[in-house]
Protein chains: 2
Amino acid sequence: MRDLLYLKDDQIKDFIEQIFYAYRETYSDPKKILKKYSFGTAHHRAIHLIERHEGLTVSDLLSRLKITKQSLNRVLRDLIENKTILLKKGEIDSRQRQIYLNEKGKKLFEEIFLEQKKRIYNALKSSDSDSVLKFKNVLKKIINE
Amino acid sequence: MRDLLYLKDDQIKDFIEQIFYAYRETYSDPKKILKKYSFGTAHHRAIHLIERHEGLTVSDLLSRLKITKQSLNRVLRDLIENKTILLKKGEIDSRQRQIYLNEKGKKLFEEIFLEQKKRIYNALKSSDSDSVLKFKNVLKKIINE
DNA sequence: TGTTTTGGGTCAGTTATATTGACATATCTA
DNA sequence: TAGATATGTCAATATAACTGACCCAAAACA
């Protein structure tokens, strides 16, 4: 039998630790910017997902965030009030709401992303394309995508 | 100039999204177990780091968690009360406290880890060793390790 | 058509985890 | 011995989540 060193518990424990650091650092970077708008990381995650999946419905967003609708509603109310996002009635199913960034929201996203990008960009630029591809594939498997 | 496709913004945005999912899923898996002991993810992270770095000091743990000592203290109090961890006076510097899992804590860690391990194990076992190595290296670069 | 289900919104109360700021104590170091 | 450091603690507050109960409008179904 092969000695699957990379499946040893210590390696797995390291990954669990490092995934925590990676998430925390990646989402900490833009906190100062968010604070300028009185937003927190909850708003950030919503803005990010809305930018990546423009026109997604409230339930789409809920299932990506995996929080309750009461929790999400606080965030969406803030974002709507601030004119960062807008909700349109669903074209096919008018019970649904489709969520979009408006101009202000797009600018805010860019400002946040510019800051957040640095960390990932620096990691990728010092890696070869094969590493990046394999990083992506393992990451996908972790999230069962 | 090379066309660094893997440095394109969309790829970076995907990574930012996927790092969020990876963290959330990885740390969601053992929540039921934690609940049995009236612990949350804050306790989990502390337990994990203590297991990985046995005998670390309070300030070591603080700098890994990047929370305030007031926040950490609530968690440590709970864990001490529950007899999951113990604190010993530092051998060299007796102002310091070195943190250890006791027997109960080790069992709890194993129970948590067994659950949490599955996700990572499954991702790694369907990847080759080169992928795992490269995943690790990119992850390390993201956290500047 | 009438009934049920679904998508979304909201009120109210609570919990978990973090924060800021102030202060106390013991111990180390210059 | 004076100051710096490591840790602990009190109190108040912020952020982000939760549960549970209800509501309306629109879609789906029988």
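Chain letters run A, B, ... following the sequence lines, proteins first, then strands; residues in each count from 1. From a predicted model like this one, the values you see are computed outputs, not experimental measurements.
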*State plainly whether the residues Asp29(B) and Lys117(B) are in salt-bridge range, i.e. N to O under 4.0 Å.*
no

*Taking 4.0 angstrom as the limit, do Asp60(B) and Arg64(B) come out as a salt bridge?*
no

_Residues in side chain to side chain contact (heavy atoms under 4.5 Å, CB included) contact with Ser28(A), at least two apart in sequence or another chain_ = Arg24(A), Lys31(A)

*With Asp93(B), which residues qualify under salt bridge (charged side-chain N to carboxylate O under 4.0 Å, His left out), at least two apart?*
Arg95(B)

*Ile92(A) CD1 - dA25(D) C1' separation (whole Å)*: 18 Å

*For Asp128(A), all residues meeting salt bridge (charged side-chain N to carboxylate O under 4.0 Å, His left out), sequence neighbours excluded*: none

_Gln98(A): which residues meet the side-chain hydrogen bond (donor to acceptor under 3.5 Å, both in side chains) condition with it, sequence neighbours left out?_
none

*Return the value, rounded to whole Å, for the distance between atom CG of Asp93(A) and atom P of dT6(C).*
12 Å

_Below 4.0 angstrom, which residues in residues 22-44 of chain B have at least one non-hydrogen atom near DNA chain D?_
none

*Indicate if Ile80(B) and Val75(B) have the same hydrophobic cluster label, given that clusters are the connected sets of ILVMFWY residues with side-chain heavy-atom separations under 4.5 angstrom.*
yes

*asked:* Test of understanding: with salt bridge (charged side-chain N to carboxylate O under 4.0 Å, His left out), list the residues that count as partners of Lys140(B), not counting sequence neighbours.
replied: none

*asked:* Which residues pass the salt bridge (charged side-chain N to carboxylate O under 4.0 Å, His left out) test with Arg97(A), not counting sequence neighbours?
replied: none

*Run the salt-bridge test on Arg45(A) and Glu17(B) with the 4.0 Å N-O cut-off and return the result as yes or no.*
no

Can you give each donor-acceptor pair under 3.5 Å made by side-chain atoms of residues 102-113 of chain A, sequence neighbours left out, with the distance rounded to 0.1 Å?
| from | atom 1 | to | atom 2 | distance (Å) |
| --- | --- | --- | --- | --- |
| Asn102(A) | OD1 | Lys104(A) | N | 3.2 |
| Asn102(A) | OD1 | Gly105(A) | N | 3.1 |
| Asn102(A) | ND2 | Lys83(A) | O | 2.7 |
| Lys104(A) | NZ | Asn82(A) | O | 2.9 |
| Glu111(A) | OE1 | Tyr37(A) | OH | 2.8 |
| Glu111(A) | OE2 | Lys36(A) | NZ | 2.7 |

*Is Lys136(A) salt-bridged to Asp14(B), cutoff N-O under 4.0 Å?*
no

*Please list, by residue number, the residues of residues 52-88 of chain B whose heavy atoms come closer than 4.0 Å to an atom of DNA chain D; answer none if no residue qualifies.*
Thr57(B), Val58(B), Ser59(B), Lys69(B), Gln70(B), Asn73(B), Arg77(B), Leu87(B)

_Using OP1 and OP2 only, check whether a side-chain N or O of Arg45(A) sits under 4.0 Å from dA17(D)._
yes

*Would you kindly give the CD1-to-P distance between Ile47(B) and dT17(C), to the nearest whole Å?*
11 Å

*What residues, two or more places apart in sequence or in another chain, satisfy ring-ring contact (aromatic ring centres under 6.0 Å, His included) together with Phe135(A)?*
Phe15(B), Phe135(B)

Under 3.5 Å, which protein N or O atoms sit close to an N or O of nucleotides 3-5 of chain C? Give each pair with its distance.
none

*Give the angle between the helix axes at the two ends of the helix from dT1(C)-dA30(D) to dA30(C)-dT1(D), taking five base pairs at each end and rounding to 10°.*
30°

